[in-house]
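Here the structure comes first, spelled out in structure tokens, and everything after it is commentary.
Reminder, nothing fancy here: chain letters follow the sequence lines and each chain counts from 1.
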There are 2 protein chains.
Amino acid sequence: MNNSAIIRTPQEIQALQDTIYVISGKWKLPVINAICSGKRRFNEIHQSVPNITKRMLSKELKEMEMNKLIFRTVNCDHTLIEYFSTEYCKTFTPILGEMINWGLRHRQMIRALE
Amino acid sequence: MNNSAIIRTPQEIQALQDTIYVISGKWKLPVINAICSGKRRFNEIHQSVPNITKRMLSKELKEMEMNKLIFRTVNCDHTLIEYFSTEYCKTFTPILGEMINWGLRHRQMIRALE
DNA sequence: CGGTATCCTGCTGGATACTG
DNA sequence: CAGTATCCAGCAGGATACCG
């Protein structure tokens, strides 16, 4: 049993939990994905994320706006509302990439043991 | 608005959600941390993770064992039970590192805007 | 010492109807 | 079109007592 322990400080644990918080829940990732793939309008996003309700979409969009992952625009006569991903949202992509890879390998690994 | 959209497949989204699932919940990270920092016995871990109940600790340990992040040993006369982190658990450290950094920067960023 | 069992609360998210 | 309001179910997690 080796002892190369990686000990995190409470602040680091907190940071980790913050990050998880920002992307957890059932819908955040699929919604970001929809916006990143070019969906801009509420109903467009609503249709492209299977099974999400308007209520949930509305909540997620607000939270993500608060966290600066997306922003919302309204035109002058208030007829066109659009959502865009921010540059800041892209700082997330390395983590997302690593998480995807880990998740893919993890699933294979668990499968292999059954 | 640039359009360098990063479009993920449903499988990738699923992988992402798997990864989040493995480390989410209130206690998994603190518990892993305790084990990685050398705590091995149930009550030792119980004491070193503030406020966790035995019930929750028990549940988390089982889940983490299922996910191969830790393993449990019992000696021959069943008097000594210990938990260890696996090598597999360490495949997680790059993601954890990135998530910590993102979380730290995110908190500063949100602060700066208030 | 290393857990279970039981009971309970609060929050996340679903269903559905309604609105400016 | 872009949401809100209301009500409700299920489950994560807490409190506490108990057990081999």
Of all the nucleotides listed ([options]), which has the minimum atom distance to the side chain of [X]?
X	options	result
A:R72	C:dG3, D:dA2, C:dA15	D:dA2
A:I81	D:dG3, D:dG13, C:dT4	D:dG3
B:T53	C:dG3, D:dA15, D:dA2	D:dA15
A:N43	D:dG14, D:dC1, C:dT4	D:dC1
A:M56	C:dG13, C:dA5, D:dG3	C:dG13

Rounded to whole Å, please give me the gap between [atom1] in [X] and [atom2] in [N].
X	N	atom1	atom2	answer
B:I52	C:dG3	CD1	P	13 Å
A:L61	D:dG3	CG	P	7 Å
B:I35	C:dG2	CD1	C1'	14 Å
A:N51	C:dT16	CG	P	13 Å
B:L80	C:dG3	CG	P	11 Å
B:N75	C:dG2	CG	P	10 Å
B:K54	C:dT4	NZ	P	11 Å
A:Q47	D:dA2	CD	P	10 Å

Given [N], is OP1 or OP2 found less than 4.0 Å from the side-chain N or O atoms of [X]?
X	N	result
B:Y83	C:dG3	yes
B:K62	C:dT4	yes
A:T79	D:dC1	no
A:K26	C:dG14	yes

Within the 4.0 Å heavy-atom criterion, would you say A:R55 contacts the bases, only the backbone, or no part of the nucleic acid? base

Remember a base hit wins even if backbone is also touched, and classify B:K59 as base, sugar-phosphate or nothing at under 4.0 Å, heavy atoms.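 Result for B:K59 = nothing.
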
When you compare the side chains of B:N33 and B:S37, does any donor N or O come within less than 3.5 Å of an acceptor on the partner? no

Among B:E12, B:R8, B:E98, side chain to side chain contact (heavy atoms under 4.5 Å, CB included) partner for A:L96: B:R8

With a 4.5 Å limit on heavy-atom distance, are the side chains of A:P10 and A:I13 in contact? no

Is any side-chain heavy atom of B:W27 closer than 4.5 Å to a side-chain heavy atom of B:K59? no

Taking the ring of A:W102 and the ring of B:Y21, is the distance between their centroids below 6.0 Å? no

